[in-house]
Colleague: 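There's a structure below that I have some questions on.
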Amino acid sequence: MKGFVNPYNFIKFPSKKAKAYTDEDRHTGVIEYTITTKTPLFIPNSSSDSAFKISKKVNDHKSYDFFSYTELDPTKTYNGKYHIPVIPGSEIRGVVRNVYETLTNSCMGLLNADEYPVKRSMEMFKPGLMYKDKEGNFALYKAESWKIGSIESKEKGSVPKGFENYPNGTKVYYKEPLRINRFDAKPIEKYSMKQEKYPEEGYLIKWGMGVKKAHYHVFSLKEKMNLRNKNAGIHFSKDDIERKLLRVVDYYLAEPGLTNANKAAYEEYKRDVEAFLKGKENSYFPVNYSSPSSGIYYLAPAVYTKEVSDNNIGKLAGEFAPCEKDYCPACDLFGYVGKNNESCKGSKIRFTDMYVSEEKEAESYYMQDCITIQTLGTPKLGNTEFYLRQPMGATFWNYDYYIRDKELTLSNGILRGRKYYWHHQKVNLPKDVEATKLNKTIRPVKADESFNGKLYFEDISEKQLNQLMWILNSGSEGLGLKLGGAKPLGFGSVSCKVEKVIERSIVVSGGKINYLMNEIPMDGVSYENAEFGRIVKSEFYKIAGLKSVPEDVEITYPKEKSQKGKPLTEGYKWFANNHATVSGKTMAKGRKDVKIKEVLPDILQKDFSMEYNSEIYSKKPENNYNNSKGNSGRNSRNYPSRNRNGKY
């Protein structure tokens with residue numbers, strides 16, 4: 001293989017979602033099964049998030065013991081104190097349902113359907129003013145941006161005295177400065193909050209989000225508007241503004257490594273937006289906007305920023321979004337709650353908690369007392385080279401459009417499918433990982449420990465029974481399931497084996513009801529006669545195979561060559577280097593000039609690995625397409641020279 005294997009990949013959707021089965025035969029009983037850990041396993045005991053004493057105390061660092069029936073005291077620590085591990089039934093139920101959905105061409109029951117993905121853009125957003133009329137309607141108008149402050153200031157970007165106390169959107173009166181040319185102008189030097197002093201008016205926006213120094217600007221209407229013309233401007237609903245603008249702010253606030261100053265600036269802007277939305281009529285608020293094509297607009301607080309998709313994940317998933325009607329085989333078996341709680345159906349199966357197969361000293365179940373693991377983040381849907389299929393010939397694409405031959409085409413992104421994690425044959429856990437507020441300390445169960453559990457079923461068909469039996473016996477074919485947390489690091493690979501299947505039948509004889517318990521043989525239960533989907537089989541067998549990834553191949557999130565075999569740090573660098581420019585220039589001139597170099601290989605590719613890239617990453621913000629460290633707001637270095645002094 002040429003390099004590393006990304007921890008996850010996707011099983012493609014079939015052409016059509018299956019409908020619930022109509023078989024009329026009914027079976028009730030229990031499946032007794034065993035799982036054996038192939039790699040360390042971790043499921044948290046959430047009764048305490050400070051279970052262990054860390055040698056170097058770090059604020060907000062969380063530590064968890066493995067799940068057990070012991071209620072932990074949050075005021076105490078449990079180093080050297082052990083409890084018998086238990087696997088909650090809900091944990092194994094979720095994993096089995098996910099596999100069942102995949103193999104029966106069902107919906108994705110746990111999909112976050114209402115999420116709108118966010119993608120970094122290299123397009124330069126334009127200044128705008130959002131207007132709220134007396135009826136509470138909103139419209140966006142083009143604006144001009146003027147830097148405010150003394151041009152003689154020794155320190156560029158200094159904040160005018162006292163302005164830090166004014167909220168974003170404050171009206172400012174000023175005298176228009178001298179224009180050097182039609183693109184450039186000196187900063188505003190004469191300004192006031194009192195109307196009688198100066199003839200021009202605009203609205204304050206306080207740059208400081210994602211940059212070291214604050215830069216205050218005034219947005220003014222580019223063209224004088226007739227307020228009686230209700231068709232003027234670009235109309236937005238309140239929900240649109242909250243989704244398009246506040247979602248971007250929330251995204252930045254959730255980024256790791258955000259400085260306190262930047263956090264405060266984003267929080268202030270968010271408060272000011274919310275106050276504007278709730279505030280008086282005939283008012284304005286400064287925003288930035290971009291329109292890649294007619295009818296689609298993005299809003300943001302900054303100029304080089306991120307775009308919130310017009311499409312949520314549920315829309316992009318199509319019929320594979322959680323069922324609202326025409327229920328699928330998985331919803332029929334595991335139960336569902338319909339849209340707006342208008343309908344519901346109870347589950348036909350119940351998973352018990354799983355208990356250790358062998359009773360021994362509690363300490364012996366664990367690989368060590370506790371271990372601090374590498375930082376794991378949330379899914380980065382903005383990495384479209386992983387989460388979306390590449391449109392043919394496209395150089396850049398997101399959830400709303402793609403670009404081919406520098407032409408932009410509006411098109412809904414195509415989701416790659418259902419997310420699965422590869423199995424590690426060997427888990428290399430770095431020692432002495434430093435505890436931070438971003439990672440966790442945990443106590444995992446070691447490999448080769450077994451747990452017993454039961455699955456009770458009631459009134460299911462023979463087909464459904466065979467399907468459950470096959471999944472819970474998939475270890476016999478060298479396949480594994482992924483359970484618990486820290487999956488990208490190799491945790492949670494388990495092998496399943498059915499020990500016994502007992503069917504209960506009711507016989508009435510001599511006026512008495514008798515319960516008969518008959519053991520059902522496992523012989524003959526195969527993937528094919530369980531009637532699973534044929535199209536997904538090859539991909540599932542590949543990614544569920546316990547030995548699909550060679551032992552000497554590193555399974556890791558994307559890395560630089562210098563990081564090979566080491567704990568991942570600054571993972572955003574690979575994604576930054578995975579973007580080039582179509583023009584060949586260092587800095588992309590807008591979204592049409594960006595080129596994505598490498599995409600996630602399909603599961604069935606002979607070589608499904610990816611290349612470590614070399615360290616060509618530039619620390620300049622303009623080259624940082626996916627910087628996760630918070631340097632994503634407006635920065636004077638992001639701009640052509642004509643923008644550094646005045647108008648843009």
Side-chain angles (χ1 to χ4, degrees), residues 32-58 60-96 350-376 424 427 429-433 435-437 439-456 472 475 480-497 499:
E32 298 179 8
Y33 64 99
T34 300
I35 69 165
T36 301
T37 58
K38 295 298 183 180
T39 61
L41 172 68
F42 180 69
I43 299 169
N45 185 335
S46 58
S47 59
S48 173
D49 62 5
S50 55
F52 303 112
K53 184 178 180 180
I54 310 302
S55 56
K56 182 180 178 182
K57 187 175 181 180
V58 178
D60 300 325
H61 178 78
K62 299 186 186 306
S63 58
Y64 295 93
D65 199 356
F66 195 92
F67 185 85
S68 68
Y69 287 152
T70 302
E71 185 78 12
L72 303 182
D73 185 342
T75 65
K76 297 180 180 179
T77 54
Y78 292 85
N79 302 76
K81 300 176 183 178
Y82 299 87
H83 310 97
I84 301 296
V86 177
I87 297 177
S90 58
E91 194 74 28
I92 188 69
R93 175 190 172 90
V95 174
V96 172
R350 178 173 64 86
F351 290 82
T352 67
D353 290 346
M354 303 193 72
Y355 306 103
V356 292
S357 302
E358 180 184 356
E359 293 187 12
K360 51 187 178 181
E361 293 294 324
E363 180 179 357
S364 62
Y365 296 108
Y366 299 96
M367 59 182 296
Q368 59 190 77
D369 186 24
C370 61
I371 182 172
T372 301
I373 60 173
Q374 300 173 62
T375 301
L376 294 172
H424 295 53
V427 177
L429 295 175
K431 296 180 180 179
D432 302 322
V433 173
T436 71
K437 65 179 181 180
N439 62 4
K440 295 178 176 63
T441 297
I442 62 175
R443 176 184 279 162
V445 164
K446 64 186 180 182
D448 298 319
E449 294 294 336
S450 295
F451 294 79
N452 296 330
K454 296 180 180 180
L455 186 161
Y456 289 93
L472 291 175
L481 306 182
K482 274 284 196 176
L483 193 64
K487 297 180 183 71
L489 301 180
F491 284 58
S493 293
V494 300
S495 177
C496 300
K497 178 185 178 183
E499 304 291 349

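From a predicted model like this one, the values you see are computed outputs, not experimental measurements.
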Colleague: Identify the two heavy atoms, one from Val58 and one from Ala435, that lie closest to each other, and give their separation to 0.1 Å.
Modeller: CG2-O, 3.2 Å
Colleague: Would you indicate whether the side-chain heavy atoms of Phe66 and Ile43 approach each other to under 4.5 Å?
Modeller: yes
Colleague: Assess whether atom NZ of Lys57 is packed by more than 12 heavy atoms of other residues, nucleotides or ligands within 6.0 Å.
Modeller: no
Colleague: Is Lys62 salt-bridged to Asp49, going by a charged N under 4.0 Å from an acidic O?
Modeller: yes
Colleague: Could you list all the salt bridge (Lys or Arg N to Asp or Glu O under 4.0 Å) pairs where at least one residue sits in residues 70-86, not counting sequence neighbours?
Modeller: none
Colleague: Using every non-hydrogen atom in the two residues, find where Asp353 and Gly89 come nearest and quote the distance to one decimal.
Modeller: OD1-N, 2.7 Å
Colleague: Are the side chains of Tyr365 and Phe451 in touch, meaning some heavy atoms are under 4.5 Å apart?
Modeller: no
Colleague: To the closest 0.5 Å, what do you measure between CG (Asn45) and OG (Ser68)?
Modeller: 5.0 Å
Colleague: Taking the side chain from Arg443 and the backbone from Phe52, do they hold a donor-acceptor pair closer than 3.5 Å?
Modeller: no
Colleague: What pairs with Lys446 under side-chain contact (heavy atoms from CB on, under 4.5 Å), at least two apart in sequence or on another chain?
Modeller: Met367, Glu449
Colleague: Is any side-chain heavy atom of His424 closer than 4.5 Å to a side-chain heavy atom of Ser493?
Modeller: no
Colleague: Give the minimum heavy-atom separation between Gly492 and Thr39, together with the two atoms involved.
Modeller: N-OG1, 3.3 Å
Colleague: To the nearest 0.5 Å, tell me how far Asn79 CG sits from Ser55 OG.
Modeller: 10.0 Å
Colleague: Between Ser357 and Ser450, is there a donor-acceptor pair closer than 3.5 Å when you use the side chain of the first and the backbone of the second?
Modeller: yes
Colleague: Heavy-atom distance under 4.5 Å between the side chains of Asp65 and Thr70, does that happen here?
Modeller: no
Colleague: Would you check if the side chain of Asp369 reaches a backbone N or O of Gly80 as a donor-acceptor pair within less than 3.5 Å?
Modeller: yes
Colleague: Measure the shortest side-chain to side-chain distance between Phe491 and Ile442 over non-hydrogen atoms and say whether it is less than 4.5 angstrom.
Modeller: yes
Colleague: Any side-chain to backbone donor/acceptor pair from Lys38 onto Leu481? Under 3.5 Å, distance only.
Modeller: no
Colleague: I'd like to know if the side chain of Thr441 pairs up with that of His61 as donor and acceptor (distance under 3.5 Å, no hydrogens or angles considered).
Modeller: yes
Colleague: If you look at every heavy atom in Pro74 and Ser50, which pair is closest and at what distance?
Modeller: O-OG, 3.2 Å
Colleague: Write down the atom of Tyr82, the atom of Ala362, and the distance for their closest heavy-atom approach.
Modeller: CB-CB, 3.8 Å
Colleague: What verdict does the side-chain contact (heavy atoms from CB on, under 4.5 Å) test give for His83 and Tyr69, after you've listed the backbone C-alpha separation in whole Å, the side-chain angles of each residue and the deciding distance to 0.1 Å?
Modeller: CA-CA 8 Å; His83 310 97; Tyr69 287 152; over 6 Å; no
Colleague: For the atom pair CG (Leu41) and CD1 (Ile35), what is the distance rounded to the nearest 0.5 Å?
Modeller: 6.5 Å
Colleague: Find the distance between CD1 (Ile371) and CG (Leu429) and round it off to the nearest 0.5 Å.
Modeller: 4.5 Å
Colleague: Enter the distance from Ile373:CD1 to Leu489:CG here, rounded to the nearest 0.5 Å.
Modeller: 5.5 Å
Colleague: Decide yes or no for Pro85 and Tyr366: does some side-chain heavy atom of the first lie under 4.5 Å from some side-chain heavy atom of the second?
Modeller: yes
Colleague: Over all heavy atoms of both residues, which pair between Val95 and Lys482 is shortest? Give the atoms and the distance, please.
Modeller: CG2-O, 3.3 Å
Colleague: How many angstroms lie between CZ in Arg93 and CG in Leu455, if you round to the nearest 0.5 Å?
Modeller: 9.0 Å
Colleague: Is the backbone N or O of Asp448 less than 3.5 Å from a side-chain atom of Thr36, with the two atoms forming a donor-acceptor pair by type?
Modeller: no
Colleague: I want to check something: taking the side chain as every heavy atom from C-beta on, are Phe351 and Glu91 in contact at a cut-off of under 4.5 Å?
Modeller: no
Colleague: Please examine the side chains of Val494 and Ile92, heavy atoms only from C-beta on, and report whether any two atoms are closer than 4.5 Å.
Modeller: no
